[in-house]
A.B. asks: 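One structure is given below, represented as structure tokens, and several questions about it will come after.
Here is how names work: the chains are called A, B, and so on, in the same order as the sequence lines, proteins then strands, and each is numbered from 1.
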Amino acid sequence: MTAVYVALGAPFVAAVVGLLGGRTWPRLVVPVAVAGASVAFLSALVLAGRSVAGDLYESARLADVPTGGPPIGIDLRVDGLAALVSVAVGAVALAVQVYSIGYLKGDPRYSSYAALVSLFTAAMLLVVFADDLMVLLVGWEVMGVCSYFLIGHHWEQEGSRASAVKALVVTRLGDVGFLFGIFLLATTVGSFSIGQVLGFDRWPEHTATIATLLLLCGVVGKSAQFPLHTWLPDAMAGPTPISALIHAATMVAAGIYLVARLFDVFLLAPATLAVMAVIACITMLGGALAALGQDDIKRVLAYSTVSQLAYMLAALSVGSAVAAEFHLLTHAAFKALLFLAAGSVIHAVGTNLMPDMGGLRRLMPVTFATMTVGLLALAGVPPFAGFFSKEAVLGAAEETAVHHEGPAYAWTGWLVLVVGLVTVAVTAAYVARLWLMTFFDRTRSPVAAHESSPVMRWPLVLLAVPTVLLGLVGLRDEWLPDWAAATVLTVGGADTLSAEQEGVAQETLHIAPLTSALSVALAVVGATAVWLAWRRAPASDPTAELRQRRALEHAFFVDDLYDRAFVQPVRLATRAVGWADDEVVGEAVRDTGRGTSRLSEWVSRAQGSTVQAYLTGLLAGVLLLVAGVVTFAS
Amino acid sequence: MPLLMPVVLAGLLFSIGAYGVLARRNAILVLMSVELMLNAVNINLVAFDVWLRDELLAGQVFTLFVITIAAAEVGLGLAIVLLVFRQRETSSLDQLTELHEPDPEADAATDAAPEPVQERAS
Amino acid sequence: MTLVEALFGLLGVVALGSGLLVVTTRQLVHAALWLVVCLGAIAGCYLLLSAELVAWVQVLIYVGAVVVLLLFGLMLTRAPIGVSADLDAPPMQRVAAAVVALGLAGIVVVSSVDGFRGERIELSSDDVGGSSAAAGEAVFRSWVLPFEVLSVLLLAALVGAIVLSRREIGTEDRTGSRTALPPRDGDGR
């Protein structure tokens, strides 16, 4: 457990030091931040090593918090799943901290930025290592707050401020359901401890379904799935390293991690799994299509993230937590790589918009090479990591659909399989579009682009390594399940799900050859279609001719719908309230003031200003006193 | 004679004098009303002295003193009234309002209604 | 009802009536004249109460000196002759004054009646307590010290009146008829 405490403590201490002393000792900022991230990464590696070497399961209770109801315990646990995810978190956090040294050079708020990134790392690790629902919630919410601050890093720009608020509000919306789900679980089980929740076997009818549906709200919000996906593309207003950290590897993955962690409860609710599958498929395809219509390179990656997260959610929905974890890890690697490389491009060219880029292949060779690796992984081209993990997902879907394995209904398996394959094609299409528009043809940018500084290049290279190699983990079906075992505390060893309850999770990876071949073929088809369109007019956008281009660019107008349905009425209500406050309440106050003044004027007029008036008053008083004395003193 | 006759006379005369002090505007009229009040007191003094058959004639002697003091008071009072009249061209008590709080309305002449509250900041 | 009582009642009514007129009449000079009537009636009351010295001193000082002073004051302050409308305070003030005065009257009369009901003043024609001889004796025997102090007071009043009402010679006159003389050190003479 020491490694866990170190992994949690180091970035937290780094954050505190950075926040308190960052302004006083600016030279300390970088060393402290990088040290915090490095220590976390190293501790995570230690844990992962132990998990690979053998069974890893430990837990510890730090404190008891008695409440009026189910008790909260400050509990931490570590097992294979937690170890591997923590490695991903540590690696990306370290890469981002190093990269930011170059990217945010000269930024006046660098100290608070680095400290917040450290705090964020600590919070994500807390979610990963939590063994108590409330502890997990604390980490969850702290991540949300850090995300708000970091997205709004350039808060002098209105876009940043608006995006930060939007991210916070939308994820909070999901967190309402999340909170109630936690409460429901805790009151049913009698404790907030995750171990006890997982081992509980006396679920009343429908409780598991309702609780998991509520938890799903939080997952949908945090992991940017339909219908709470709108915040992620707008969160690209934050600095690119933040997009890499928060929106690739960590925060958005927290929702997936949560489902994987509480998977035993989800397995009891096939209805929730079906809902999950539907949401995932809508998001998967919708996100990929939207990515096809974006001009901003970061927004392409953002929609791509949404789509890939949907893959993970889809894997969970067909009962394979292992496949979801696999894709989570590979996605962390290649998406962080892609974001950092995009940041490198943006830094060099000075603009986010792909129509203004081009021809960077020769000008930025390292970035070009690493980004190509990342894009190939994203598209699912063997032998890169993305291929293996995506195949794991599709394989799991096939198992459910064709062989009726796993806890989900067969139709969800078909749905995920078909939509997943279609999305592979669209993914390859937008990948090709991005690649061609950014790096090929002649330079359209007026700025003279050059390769970025070493401190920004090395993280790219380092992230490219797992992007290439991580897929090999999937070569043996049981490697990953063993290493990434999410230990279940079941009473009596075997799972105690009753006969009529749902099936067991798919415990190993299935990579089916037929599906794999089909998906590779579809990827090639998608990419080729775009390449052909591009060849006709190399200087312009390949998708410019599409009839539905506008719908794609606005992501099917979901955001506009939300704006009309929610934002405008609230703004109207705000104006109405403001008007009422000023005109009604304010006027009442002012009228009271005016009334009092007028009353005082009137009274003062009644009171004479002459000595005679004063004398009259005096004399009247004296008379009253005398009358009183005469009457009562006899 | 019943003692009540002079006593009641004195009381009523005193009230009349009090009314005059409080209700008359001209300063000299106020002085006249003060004389009425003093006379009422004198009547009371004399009546009680006679009723008590005081050996020292305290009441009547005191009355003499009051008359004397009243005369002195009228002299001084008139001097003050004259001084005020020289400065203000008026002997009306209404115009002597220095003891009063300054009105938001400047004078009775300019009777604009004041704006007691600040305009709300837009 | 003896003759003395009847006369006293009559004179009392005259005093009250003229007093009322003093405080309510609209003509300034008439008020002063009604004051004379009132003071005279009160002097008559004194006589009926056998306070002779007081009565004649009243006539001498009050009617003779005080009222003349008041008339002088009226003259010097350009008092309007004839009916003038603004001798009274505004109606509100008058109402308040009337209320207070009525209250005062009520309280005094009621408490006096309550206290001195049935008492009588015994007046005897042979033992005139307030004769000049008796009063003079009282003043110059028992009350001589206050008498002397009173004369000092009169002196102070005299000085005060002069100080208050004198004008510096050479200062500009409000009526503007006097030419300014150059100021001199010390009191101008």
A.B. asks: Do you know which two heavy atoms are closest between A/Q612 and C/A89, and how far apart they sit?
C.D. replies: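 Heavy atoms only, the tightest pair is OE1-CB, 4.5 Å.
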A.B. asks: Taking CZ in A/R564 as the centre, count heavy atoms belonging to other residues, nucleotides or ligands within less than 6.0 Å. Is the count above 12?
C.D. replies: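 Incorrect, the count does not exceed 12.
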A.B. asks: Answer yes or no: are there more than 12 heavy-atom neighbours, outside A/Y562 itself, under 6.0 Å from its atom OH?
C.D. replies: yes
A.B. asks: Can you tell me if CD on A/E158 sees more than 12 non-hydrogen neighbours from other groups inside 6.0 Å?
C.D. replies: no
A.B. asks: Name the one of A/V622, A/L623, A/L624 that satisfies side-chain contact (heavy atoms from CB on, under 4.5 Å) with C/I107?
C.D. replies: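 Testing each of A/V622, A/L623, A/L624 against C/I107, the sole residue satisfying side-chain contact (heavy atoms from CB on, under 4.5 Å) is A/L623.
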A.B. asks: Among C/V100, C/V99, C/V95, find the one that has a side-chain contact (heavy atoms from CB on, under 4.5 Å) with A/T616.
C.D. replies: C/V100
A.B. asks: Flag yes if more than 12 heavy atoms outside A/F557 fall under 6.0 Å of its CZ atom; otherwise flag no.
C.D. replies: yes
